[in-house]
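Step one of this worksheet: look at the structure below.
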Amino acid sequence: MPPKKPAEPLPFSENVMRQVRAIPRGQVRSYAQVALYAGRPGAARGVGRELKLLPGQATQVPWWRVIRSDGTLAPPVAHEQAKRLRAEGVTVAQHGQVFRVALKDREDG
DNA sequence: AATATGACCATAC
DNA sequence: TGTATGGCCATAT
């Protein structure tokens with residue numbers, strides 16, 4: 001058989017989708033966190049890029065549970081995102097800021 | 001193939 | 001407290 005490429009981890013996009021789908025309802029995670037758990041620390045930008053490809057409405061991937069590291073929502077989707085988050089019981093300030101309580105996935109905070 | 005762009009982040013000043 | 005810089009990743013030109 002022809003030489004196959006070495007055991008390469010799952011594609012970045014695959015891992016991203018996997019991680020995002022793994023976010024429990026009512027909880028949020030930052031782009032950086034998703035990137036980190038996807039095996040590409042620092043690739044937060046790639047996460048955002050992947051998510052923006054999603055249909056946005058009829059998708060299984062809960063993209064709205066991914067927010068910025070500082071707790072704010074990305075401008076292009078902030079409105080829809082805030083709406084969906086609130087529907088899950090996540091408190092979103094009028095300014096479009098999610099409390100850090102919802103962001104933390106570590107005991108430290 | 002190189003450059004520009006974007007739902008980003010951490011650090012430096 | 002803001003602005004700048006480098007890193008990261010895929011798409012579009």
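With sequence neighbours left out, the side chain to side chain contact (heavy atoms under 4.5 Å, CB included) criterion links A:Arg49 to A:Phe12, A:Leu53. Residues satisfying the salt bridge (Lys or Arg N to Asp or Glu O under 4.0 Å) criterion with A:Lys52, sequence neighbours excluded, are absent altogether. In this view, A:Ala78 and A:Leu73 satisfy the side chain to side chain contact (heavy atoms under 4.5 Å, CB included) rule, not counting sequence neighbours.
For the residue pair A:Arg84 and A:Trp63, the shortest heavy atom distance occurs at NE-CZ2, 3.8 Å. Across all non-hydrogen atoms, the minimal contact from A:Asn15 to A:Ala38 is ND2-O, 3.2 Å. Nearest heavy atom pair, residue A:Trp64 against residue A:Ile67, reads O-CG2, 4.3 Å. Residues A:Ile23 and A:Arg29 come closest through the heavy atom pair CD1-CB, 3.5 Å. Residues A:Arg68 and A:Pro75 approach most closely at NH2-CD, 3.3 Å, considering heavy atoms.
A distance of about 22 Å separates the P atoms of B:dC8 and C:dT1, rounded to the whole Å. Here, C:dG7 and B:dG6 have their C1' atoms 15 Å apart, quoted to the whole Å. Separation of the C1' atoms belonging to C:dG2 and B:dA7 is 23 Å when rounded to the nearest angstrom.
The strand DNA chain C forms stems, runs of 3 or more Watson-Crick or G-U wobble pairs with distances below 3.5 Å, at B:2-6 with C:9-13, B:8-13 with C:2-7.
With a heavy-atom cut-off of 4.0 Å to chain A, the contacted part of DNA chain B has its first and last nucleotide at B:dG6 to B:dA10.
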What nitrogen or oxygen pairs link the protein and nucleotides 6-9 of chain C at under 3.5 Å?
unit_1, atom_1, unit_2, atom_2, d
C:dG7, O6, A:Arg45, NH1, 3.0
C:dC8, O4', A:Gly42, O, 3.1

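The main-chain N or O of A:Arg25 is never found under 3.5 Å from a side-chain atom of A:Glu88 such that the two would form a donor-acceptor pair.
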